[in-house]
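Just below is one structure, and these are the notes that go with it.
Everything numeric in this text was worked out from a predicted model, so none of it was measured.
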Amino acid sequence: MPYYRQVGEIPHKRHTAFRKPDGGLYAEELMGVEGFSADSALLYHRGLPTAIVDAVAVEDERGPITPNHPLKPRAFKTHDLKFGDADAVTDRRRLFGNADVTIGFVHANRPSPLYRNAAGDELFYVQGGSATVETIYGSLEIGDGDYLVIPTSCTYRVLPYDDDGGVKLLTIEARGHIGPPKRYLSAKGQFLEHSPYCERDIRGPSEPLVADGTDVEVLVRHRAGLTRYTYATHPFDVVGWDGCLYPWVFNIDDFEPITGRVHQPPPVHQTFEGPNFVVCSFCPRKVDYHPESIPVPYNHANVDSDELMFYVRGNYEARKGSGIEVGSLSLHPSGFTHGPQPGAAEASIGAQFFDETAVMVDTFAPLDLGEAADASEDHRYAWTWSGRGPGA
């Protein structure tokens with residue numbers, strides 16, 4: 001993150017003796033990225049974060065991914081996915097993926113195991129419900145419309161609230177790091193005036209989360225697969241930490257839309273960037289105010305990107321008549337020119353406001369399809385512009 005936080009107890013100077021009440025040393029851990037040359041945090045543990053008593057390989061059951069072939073636009077309905085008794089880690093179902101990112105969905109209603117993704121940052125979007133996310137840095141509450149960024153190798157678990165029907169999450173797992181677009185930040189990491197959100201909109205852990213326990217299991221995803229460690233003491237034993245690397249929450253309703261006299265391109269909606277992908281937020285907004293403007297998007301061939309749109313609230317003017325609804329995803333791949341549904345451009349002229357909320361992921365490598373995409377596809381979607389299917 002682009003600004004410094006301090007939580008709990010820490011010593012006056014880095015890398016100096018910091019003693020427990022019984023006189024022993026707290027164990028200092030540096031959590032840092034990019035080889036000691038980028039953001040980091042210093043955490044102080046009651047036990048040794050290195051003390052494991054077992055390590056066991058675990059089978060990765062996410063299944064294969066297959067190319068989008070024949071190449072065509074596709075739509076999917078997340079409410080068609082069945083979860084039953086599910087947790088937010090082991091029961092995620094993979095929708096899409098490539099070498100840079102894995103995108104999944106889960107409706108979780110029970111606590112997850114302790115988990116750590118050592119291959120890259122994770123980004124959750126909460127489509128409904130609520131949960132507590134416990135981490136080595138402290139706890140965070142998440143609810144409808146929240147984005148949660150979890151940095152690489154942060155141990156955490158997700159505890160859904162039963163009273164809220166559990167929690168529905170779009171999960172984005174990067175092979176690398178996720179953060180605000182660099183163009184929003186000063187050279188020293190402050191959000192600039194043209195950024196559509198800023199430090200005031202961000203929530204981070206506010207107090208330590210200290211838990212006791214011995215022989216505690218943590219599931220770890222790494223580049224070779226999954227390993228289950230057993231730790232001698234509980235990883236949630238941090239009495240204090242400081243730095244610029246930690247999990248944080250930003251709500252989509254705090255994104256300030258950028259508008260203009262004529263239709264603005266998708267980069268004005270950008271919210272995060274990751275390795276070879278971006279995440280954008282389409283929010284309720286006053287639309288284009290030139291007297292002859294066409295507020296819905298023009299037909300476009302985004303020749304270097306696959307465009308994935310997750311529709312989470314409101315009415316989608318450009319997609320009326322396509323079967324798209326709340327909880328749907330549309331995938332418009334590179335190589336296919338896509339645009340508004342027939343009649344949508346004419347119908348949008350004179351509109352003053354769009355009441356729609358959507359999360360878009362643009363990837364610069366093609367997205368392959370996972371088992372959850374196969375299970376939730378609306379096979380009619382590709383033909384909705386013409387009104388005719390194959391052979392008709």
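- Residue E371 forms a salt bridge (charged side-chain N to carboxylate O under 4.0 Å, His left out) with just one option from R93, R94, R62, and that option is R93.
- Heavy atoms only, all atoms of each residue included: G143 and V126 are closest at O-CB, 3.2 Å.
- Heavy atoms from other residues, nucleotides or ligands lying under 6.0 Å from CZ of R110 number more than 12.
- Using a 3.5 Å distance cut-off with no hydrogens or angles, the side chains of T132 and Y161 do pair a donor with an acceptor.
- Residues K286 and F354 are not in side-chain contact: their nearest non-hydrogen atoms beyond the backbone lie 4.5 Å or more apart.
- Side chains of T66 and D368: a donor-acceptor N/O pair is absent below 3.5 angstrom, by distance only.
- When Y184, Y197, F250 are each tested for a ring-ring contact (aromatic ring centres under 6.0 Å, His included) with F191, only one passes: Y197.
- Neither side chain, T259 nor R285, offers a donor N or O lying under 3.5 Å from an acceptor on the other.
- The ring of Y147 has its center no closer than 6.0 angstrom to the ring center of W248.
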Stepwise salt bridge (Lys or Arg N to Asp or Glu O under 4.0 Å) check, E28 with R14: CA-CA 9 Å; E28 183 183 51; R14 294 182 295 176; over 6 Å; no
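- There is no side-chain donor-acceptor pair under 3.5 Å between Y231 and D215.
- Contact of the V210 side chain with the V238 side chain is not registered, since no non-hydrogen atoms from C-beta on lie closer than 4.5 Å.
- Annotation for N299: atom CG counts as buried by contact number, over 12 foreign heavy atoms lying within 6.0 Å.
- The closest side-chain donor-acceptor pair between D87 and S112, if any, does not fall under 3.5 angstrom.
- R175 pairs by the side chain to side chain contact (heavy atoms under 4.5 Å, CB included) definition with A119, R223, not counting sequence neighbours.
- In this structure, T357 and P284 have side chains that are in contact, with non-hydrogen atoms separated by less than 4.5 Å.
- The aromatic rings of H107 and F83 stand perpendicular to each other, their planes meeting at an angle above 60°, with 30° marking the opposite boundary.
- Cluster annotation: I65 is not connected to L331 through the hydrophobic network of ILVMFWY side chains, with a link wherever side-chain heavy atoms come within less than 4.5 Å.
- Aromatic ring centres of F76 and F310 lie farther apart than the 6.0 Å criterion allows.
- Taking the six-membered ring for Trp and the full ring otherwise, the centers of F336 and W385 sit less than 6.0 Å from each other.
- Shortest non-hydrogen contact noted between P235 and V216 is CD-CG1, 3.9 Å.
- K168 contributes no side-chain N or O that, together with a main-chain N or O of F105, makes up a donor-acceptor pair within less than 3.5 Å.
- Both V218 and L226 are members of a single hydrophobic cluster when ILVMFWY side chains are connected at heavy-atom separations under 4.5 Å.
- Put simply, V278 and V149 are part of two different groups of oily side chains (I, L, V, M, F, W, Y) that touch within less than 4.5 Å, one to the next.
- At a threshold of 4.5 Å between side-chain heavy atoms, the hydrophobic network of Ile, Leu, Val, Met, Phe, Trp and Tyr places V53 and V220 in two separate groups.
- Between the OH atom in Y311 and the OG atom in S328 there is a gap of 8.0 Å [rounded to 0.5 Å].
- Annotation: the span from H45 atom NE2 to Y26 atom OH amounts to 12.5 Å, rounded to 0.5 Å.
- Using modelled atom types, no side-chain atom of S376 and backbone atom of T78 make a donor-acceptor pair closer than 3.5 Å.
- Between the CD atom of E377 and the CG atom of L369 there is a distance of 7.0 Å, given to the nearest 0.5 Å.
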Before giving the answer on salt bridge (Lys or Arg N to Asp or Glu O under 4.0 Å), spell out for R203 and D146 the whole-Å C-alpha distance, their side-chain angles and the decisive distance to 0.1 Å. CA-CA 10 Å; R203 312 193 308 271; D146 278 338; 2.9 Å; yes
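- Between T90 and P113 there is a side-chain heavy-atom pair separated by less than 4.5 Å.
- In summary, of the residues considered (Y156, F236, Y246, W241), a ring-ring contact (aromatic ring centres under 6.0 Å, His included) with Y137 occurs for W241 alone.
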Apply salt bridge (Lys or Arg N to Asp or Glu O under 4.0 Å) to residues D254 and R200 and explain how you reach the verdict. CA-CA 10 Å; D254 289 322; R200 295 185 187 185; over 6 Å; no
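- No side-chain donor-acceptor contact under 3.5 Å links T271 to the backbone of C280.
- Although no hydrogens or angles enter the test, the distance criterion places a donor-acceptor pair under 3.5 Å between the side chain of D121 and the main chain of I178.
- Side-chain N or O atoms of T135 include none that pairs as donor or acceptor with a backbone N or O of S139 at under 3.5 Å.
- Here the side chains of H15 and L42 are in contact, with some heavy-atom distance below 4.5 Å.
- Separating the NE2 atom in H300 from the NE2 atom in H332 is a distance of 8.0 Å, to the nearest 0.5 Å.
- Of the possible polar contacts, one joining the D201 side chain to the C198 backbone as a donor-acceptor pair under 3.5 Å is found.
- Between Y298 and H263, the distance from one ring center to the other falls under 6.0 angstrom.
- Y115 is connected to L209 through a chain of hydrophobic side-chain contacts under 4.5 Å among Ile, Leu, Val, Met, Phe, Trp and Tyr, so both are in one cluster.
- Interatomic distance, CG of L192 versus CZ of R183, reported as 11.0 Å (0.5 Å rounding).
- Residues T384 and Q341 bring a donor and an acceptor atom of their side chains to less than 3.5 Å of each other.
- The structure places CZ of R74 at 13.0 Å from OG of S330, a figure rounded to the nearest 0.5 Å.
- In this structure, the ring of Y44 has its center less than 6.0 angstrom from the ring center of F18.
- Ring centroid separation for the pair F272 and F277 does not come in under the 6.0 Å cut-off.
- Considering every non-hydrogen atom in both L219 and V58, the closest pair reads CD1-CG2, 4.1 Å.
- L48 approaches A27 most closely through the heavy-atom pair CD2-CB, 4.0 Å.
- Taking a 6.0 Å sphere around CZ of R380, one finds it holds 12 or fewer heavy atoms contributed by other residues, nucleotides or ligands.
- Applying the 6.0 Å contact sphere to NE2 of H69 captures no more than 12 heavy atoms from other residues, nucleotides or ligands.
- In this structure, the side-chain hydrogen bond (donor to acceptor under 3.5 Å, both in side chains) partners of D100, at least two apart in sequence or on a different chain, are N276.
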side-chain contact (heavy atoms from CB on, under 4.5 Å) evaluation trace for S195 with L185: CA-CA 8 Å; S195 172; L185 305 175; over 6 Å; no
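- Residues E122 and N117 have side chains that bring a donor and an acceptor to within less than 3.5 angstrom of each other.
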D60 and R221: CA distance, side-chain angles, deciding distance, salt bridge (Lys or Arg N to Asp or Glu O under 4.0 Å) verdict: CA-CA 9 Å; D60 190 356; R221 179 171 295 282; 2.9 Å; yes
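- For the residue pair H177 and E34, no side-chain donor N or O sits within less than 3.5 Å of a side-chain acceptor on the partner.
- Nearest heavy atom pair, residue L43 against residue I136, reads CD2-CD1, 3.9 Å.
- When all heavy atoms of I294 and D288 are compared, the closest pair comes out as O-OD2, 3.6 Å.
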